[in-house]
Amino acid sequence: MNYFVKGNPDLCIGCRTCMIGCVVAHEGKHIFEVDPDSYSFNPKLHMVKTANLSVPVQCKHCENPACMAVCPVGAISQKDHCIVIDTEKCMGCKSCMDACPFGAINMTVQTGKFQADGTEKKVANKCDLCYGFSGGPACVRVCPTEALTLVTEDELGDAMERKRAEAARNAYLETHPQE
Amino acid sequence: MKKEIGSFVVGDSTKCTGCKACELACFTVHNRKSNHLGKTVGTVTVPVTPRLFLTKFEQGCMPIQCKHCEDAPCLNACTKGAISRIDHQVIVDAEKCIGCKDCMQACPFGAIALLPYARDGRLVGQAMSSEPKVFASKCDLCEGIEGGPACVRVCPHQALRLVDPEAEREEKNIRAAEALLLTKNWR
Amino acid sequence: MGIPEIEDAGCLLCFGYNGADSHPIVARRIVRGKQKGMKIICADPRVTETARISDIHLQLKGGSNLALVNAMANVIWNEGLADKKFIDEHTKGFDEFLKVIEKYTPEYAEPITHIPAETIRRAARVYATTKPAMILYGMGVCQFTQAVDVVKGLANLALMTGNFGGPSMGIGPVRGQNNVQGACDMGALPNSYPGYQNVTVPEIREKFEKAWGVPLSDQVGCPITHVPHRILHEKEEKKRIHAYYIFGEDPAQSDPDLAEVREALDKCDFVVMQDIYMNKTGLYADVILPATAWGENEGIYTCADRGFQRVRKLIEPEGDMRPDWQIIADISTAMGYPMNYKNTEEIWNEMIDLCPSFTGATYEKIEKYGGVQWPCRDKSMEDKGTPYLHKDGIFATKDHKALFYGTDWHPPVELENDQYPMTLSTVREVGHYSVRTMTGNCRTLRNLEDEPGWVQMNTEDCEKMNLKKGELVKILSKRGYCITRCLPTDRVKPGATYMTYQWWIGACNELTTAKLDPISNTPEYKYCACRVEKIEDQQWAERHVMELYDDIRAQMGIDTGKGAKA
Amino acid sequence: MIVAIDQNICTGCRECAEVCPAYAIVGEQGKPQTIDTDRCVMCGQCVQKCKSYVSVLTHGKDAYERVKKERNIPDSVQEPLFAAHAVCHLNEVKAALADKNRFTIVQCAPAVRVAIAEEFGAELGTLTPGKLSAALHALGFDRVYDTNFPADVTIMEEGTELVKRVTEGGVLPMFTSCCPAWVKFLEDNYPELKDHLSSAKSPQQIGGAIFKTYGAQLEGREGKDIYSVSVMPCTCKEFESERPEMKDSGFRDVDAAITTRDLAWLIKDMGIDWEALDEQEFDQPLGLYTGAGTIFGVTGGVMEAAIRTGYELVTGQPIPDLEVTAVRGTEGFRTSVIKVGDLDLKVGVVTGLKNVVPVLEAVKNGTLDLHFIEVMTCPEGCVSGGGQPKLLMDTDREEAYAARRAATFAHDRELAYRKSHENPAIKKIYEEFLEEPNSHIAHHLLHTTYCNK
């Protein structure tokens with residue numbers, strides 16, 4: 001099963017540290033020291049604030065990802081529990097963006113890269129669970145209120161098992177009220 | 001200051017009947033001025049050159065048109081500089097196009113066709129050939145045409161949709177966030 | 001009380017304080033408190049993050065604070081929820097207070113606050129019956145012309161429920177800016193020497209004269225908010241201000257009624273600006289003194305909970321700049337009073353020896369314990385400072401009794417009218433701090449939000465005006481206008497608008513009123529009448545904003561070649 | 001075959017089936033469709049709707065020229081061709097025009113003059129009777145007459161018939177019979193109600209019968225020498241002209257019925273510059289017409305024209321309000337009661353053939369209390385006919401119909417005579433030839449009974 005990071009609206013304070021953490025992780029820690037035009041500020045998760053909730057939304061790393069299915073150039077693939085975009089292959093057609101029901105994919109400028117007519121090159125951008133970096137997803141690590149968790153197969157499986165057992169116990173008690 | 005990306009039109013094969021009203025409307029609005037089209041068929045004197053293409057496949061049909069890619073292969077492939085990005089949209093300059101077919105090969109959607117080029121109600125000819133000049137015909141999102149994409153407007157089944165990708169993404173974000181409210185106690 | 005105590009309170013009354021946007025680290029304590037079962041009552045006209053997770057959200061109409069506070073006191077008394085024993089043993093003036101709050105029934109307060117009477121009752125009951133109950137308040141209380149009265153009103157609630165003198169209770173201001181507490185502690189107030197020692201008390205003056213070897217004035221100085229008046233309109237020649245030395249402050253951005261501030265800076269004979277980056281005030285300065293920034297400095301900051309903390313230097317400053325303390329020492333020396341401090345500790349030691357409440361807070365202790373909350377009077381390692389004040393109900397008055405202080409509510413100064421039918425309140429946004437001298441120069445944060453900022457408006461209001469998210473709008477008051485982006489949100493009530501004050505172009509202080517609280521001299525940033533206008537030609541507006549931005553950067557000498565550069 | 005679907009071009013979208021009032025289009029979704037000719041009423045709405053054009057991309061470079069040839073379309077035509085189409089008869093007409101021995105008479109229907117200019121780039125609903133007449137003259141027709149004149153005759157005949165049926169107890173309600181698609185629909189689906197149809201022929205056929213008799217007399221010729229063409233907004237008129245009943249002049253009354261679109265092709269094919277044409281009158285006397293004849297082109301127009309005349313026939317008084325707005329409108333079925341002296345004339349107007357089914361059911365059940373019902377097959381009457389200029393974009397449809405309707409009413413208002421019985425040419429033809437409405441000769445030439453199929 002693919003892993004994914006999910007936010008808990010009860011804990012989130014909407015501070016967007018996760019977004020900054022995401023950029024810092026993906027661009028390397030030196031972004032505070034280098035020319036601002038030399039790096040891309042492309043958070044891979046999006047803070048949503050409505051009247052009654054604040055929470056970041058990011059890729060669910062679906063098991064049957066629509067984004068992967070629609071990509072005409074095979075730039076989206078499954079790797080070690082996550083769905084990743086190969087930005088070298090991506091040509092910014094936005095099909096995946098249109099296909100994703102969560103709005104987890106956006107198009108971002110690739111700093112320093114241009115199209116043939118000199119305009120900015122933009123490619124698809126989404127959570128890659130900090131694929132290839134040590135320490136796991138940066139957003140989870142930097143959240144001041146621990147509102148983000150990495151959901152793994154084991155954890156989800158355990159939770160489901162626990163819930164099933166609870167449901168079974170409850171059903172049993174229904175027919176054996178004396179116990 | 002705002003970061004923007006290009007809009008595009010997408011078809012919905014579950015609604016499309018394949019009537020080609022979109023193709024005809026596309027041709028009509030794009031040739032209204034350049035080829036003096038009126039409102040009726042009788043005013044047309046040039047071949048129909050749509051910028052989107054009704055496509056049949058095993059399970060149904062739908063129009064296919066340009067996605068206005070943000071790193072557009074057609075644009076990058078065009079050695080003649082006939083394709084450029086104007087107001088976030090990928091636009092072909094038909095006058096500059098020499099019909100080299102590179103853009104067609106680069107486009108993974110087949111969203112470009114080489115079609116006869118007409119001006120002032122007449123096909124444009126070329127020296128040393130009886131064949132008319134052609135141009136790379138692709139969706140320009142009805143740039144400069146009042147009312148926005150004609151295909152979307154004329155579709156009798158609302159099978160075409162103009163996508164504002166960023167706005168739609170934000171809306172989908174909200175729905176996803178609301179789902180998180182329901183799943184927050186997943187453990 | 002200390003910030004860490006928040007999460008252990010039984011009940012938190014969060015009043016006019018938006019932790020998530022102002023201090024995420026404090027907000028974290030609130031979230032943790034919620035997880036531990038803390039009841040949260042949030043009084044705020046907006047749905048803040050705290051309001052969102054609160055048990056009761058008192059979404060009051062802006063400018064009705066005291067009516068709400070008095071009504072809560074009224075309910076607590078009338079429903080017999082007051083701690084009579086505490087009142088009898090530890091307080092004075094309760095009977096006079098009762099007379100004031102008598103008329104503030106919830107029904108009386110309902111039309112003023114726009115909160116249903118029953119909700120006020122519910123909140124008062126929860127506050128009075130859940131122990132320990134803590135009150136946090138912020139600029140939503142302080143930035144009104146009736147500010148000090150409301151602080152006292154909140155203290156009244158804590159007093160009448162016996163919520164003083166123990167952990168996780170009492171009333172705590174969560175100060176607006178980092179080290180603003182430190183600035184006050186160090187005497188950056190018109191009326192006090194370091195350690196809140198009044199300049200008008202002869203013995204204190206003499207103590208400082210002796211220590212510093214110079215004669216000192218016995219006159220209270222001029223509050224910052226009086227400066228424009230003292231430059232522009234002061235009749236008495238002797239009182240008129242001719243020179244203005246500003247450091248770590250950007251009045252041309254952060255003070256109300258910017259047009260007046262600019263006029264004052266223009267007319268002022270001599271302006272010195274000392275800051276880490278160029279700012280709006282710097283455009284009017286005769287002399288600019290570049291100072292080092294937080295990572296290049298070392299010294300002590302004071303947290304909102306009176307906690308002294310060490311700040312250490314991370315990197316060596318590059319270029320022509322010095323730490324603030326060195327600049328001051330050099331200027332002082334140049335003006336004929338030599339200051340030859342070798343380091344900050346030397347200054348600190350001189351200061352704590354002159355301030356009885358700070359005397360015990362040595363560098364050694366702060367290092368060892370990670371922080372010391374004053375009062376800390378003894379240098380022995382046993383005196384670890386004071387996590388919460390008024391222990392056992394013993395107050396810092398002569399007779400150790402707290403004084404009830406009741407006042408009537410009065411409305412804000414500038415109310416909505418036909419010409420300006422909406423209200424404007426200035427607020428904070430997380431990620432950008434104060435006047436953007438710090439965060440505005442952080443590229444990463446500027447990527448998150450940049451000029452010209454946003455005006456938060458209710459979605460209905462936006463629909464009525466056909467305003468879309470991100471559209472540029474003009475917002476005006478009778479003092480001025482600015483251009484900013486529209487942010488439709490259901491978190492604010494119809495008729496109200498909110499803007500953050502750090503943007504150069506979306507400078508909401510062009511609109512704010514300079515009317516002050518009579519005691520604190522704090523302006524009414526949280527309430528003035530305004531109007532929002534749609535801009536039909538958005539392309540023009542986008543261009544105009546870009547030109548303004550380039551223009552300001554050019555004036556400040558910032559490279560405008562491609563994007564703002566620090 | 002008059003209306004057909006080209007199997008090679010049809011994409012199977014079945015948009016035409018949506019507009020077909022006779023459920024005559026059969027086929028699987030996504031596969032080429034065919035027309036069930038037994039059901040088809042040839043109204044041509046499918047032709048108007050079809051957008052599946054002959055495409056270079058889909059059908060190849062040579063497809064366009066091939067299809068044009070297959071359909072006998074003039075070579076000069078360059079406009080898009082579609083899967084659903086009306087069969088073109090222009091070759092015969094062109095041959096007749098070229099034949100010096102034939103005396104060619106043309107008539108054109110009221111709705112043609114408010115639409116044909118669209119095919120030359122004019123605004124929707126541009127009114128051009130003068131240019132239309134000039135173009136027909138330029139094409140070489142020996143006489144350019146007008147269907148509006150026989151429309152006035154229709155009113156005299158049909159109005160008289162109605163008065164008789166109402167006063168003498170005939171079959172009621174009486175249906176109009178001007179619309180051949182409607183007549184065929186009734187014959188196919190409700191043959192038992194045939195007696196409800198007015199026996200008066202449609203204006204086209206009345207014109208045809210008159211031109212080869214009275215018309216021939218006026219020219220001092222014989223009917224056999226005359227080649228009679230009609231220009232119609234309608235694809236079904238050709239079917240009507242081919243009906244075996246329509247030979248009362250002794251010959252086929254109308255030799256060819258072409259559509260507005262066909263005429264535009266012909267004008268272009270003959271190299272006539274529409275823009276440069278000077279306005280010309282229709283030829284006299286059989287081209288003199290009234291506003292009543294003109295409004296036949298819009299839904300409710302026949303009814304309104306009939307009332308304008310019927311009122312005076314019954315009461316002997318001029319109608320107080322000439323414009324009978326009560327019967328105007330575009331709803332599918334609308335009824336009103338018109339005070340005609342002591343009589344409360346209960347009338348109904350149906351437009352859009354699908355809307356007639358409940359009306360017919362009610363007539364069958366005897367639950368419909370009306371005297372006179374006008375039925376037109378096309379959505380808003382003949383202005384929206386299947387032979388009219390075809391819109392490139394259906395989003396213009398509403399505007400097109402409204403503009404053509406408005407132009408028709410504007411034409412009515414500007415004409416010298418607005419009631420059929422006041423038309424001097426009508427008075428003259430009854431004096432000289434027809435004697436009186438519903439006379440024996442009128443009955444012979446101008447009325448019919450539709451034979452059982």
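Throughout, protein chains are lettered first and strands after them, A, B, ... in sequence-line order, and every chain is numbered starting at 1. A quick note: this is a predicted structure, and the numbers were derived from the prediction, not measured.
Contact of A:E155 with chain B is made through backbone and side chain together, with heavy-atom distances under 4.5 Å. Heavy atoms closer than 4.5 Å to chain B are found nowhere in A:L11, neither backbone nor side chain. Residue contact with chain B, scored on non-hydrogen atoms closer than 4.5 Å, involves the backbone of A:A104 exclusively. For a residue to count as touching a neighbouring chain, one of its non-hydrogen atoms must lie under 4.5 Å from one of that chain's; by this rule A:K163 touches chain B with the side chain only. Within the 4.5 angstrom heavy-atom criterion, no atom of B:E170 approaches chain A. If you measure heavy-atom distances from B:T79 to chain A, you find no contacts under 4.5 Å at all. With a 4.5 Å cut-off on non-hydrogen atoms, B:V10 touches chain A through its side chain but not through its backbone. Heavy atoms closer than 4.5 Å to chain B are found in the side chain of A:T149, but not in its backbone.
Between chain B and the options A:A124, A:P9, A:P56, A:S54, heavy-atom pairs under 4.5 Å are most frequent for A:P9. Contacts with chain B were tallied for A:K49, A:E120, A:M107, A:K60; A:M107 has the most, counting heavy-atom pairs under 4.5 Å. By number of non-hydrogen pairs under 4.5 angstrom with chain B, the leading residue of A:I105, A:L53, A:V55 is A:L53. In terms of non-hydrogen atom pairs under 4.5 Å with chain B, the most contact-rich of A:M97, A:K113, A:M91, A:M160 is A:M91.
No cation-pi contact links A:K121 to A:F114, judged by a cut-off of 6.0 Å to the six-membered ring centre and 45° from its axis.
Remark: the A:H26 side chain and the A:D128 side chain contain an N/O donor-acceptor pair separated by less than 3.5 Å. Between the side chains of A:Q115 and B:R85, at least one donor N or O sits under 3.5 Å from an acceptor N or O. Using a 3.5 Å distance cut-off with no hydrogens or angles, the side chains of A:N2 and A:Q78 do pair a donor with an acceptor.
The number of heavy-atom neighbours closer than 6.0 Å to NZ of B:K56, taken from other residues, nucleotides and ligands shown, is above 12. Environment of CD in B:Q89: crowded, with over 12 heavy atoms of neighbouring residues, nucleotides or ligands closer than 6.0 Å.
Between A:Q58 and A:L45 the shortest heavy-atom distance is NE2-CD1, 3.4 Å.
Between A:Y3 and A:H81, the ring-plane angle classifies as parallel under the 30° and 60° cut-offs.
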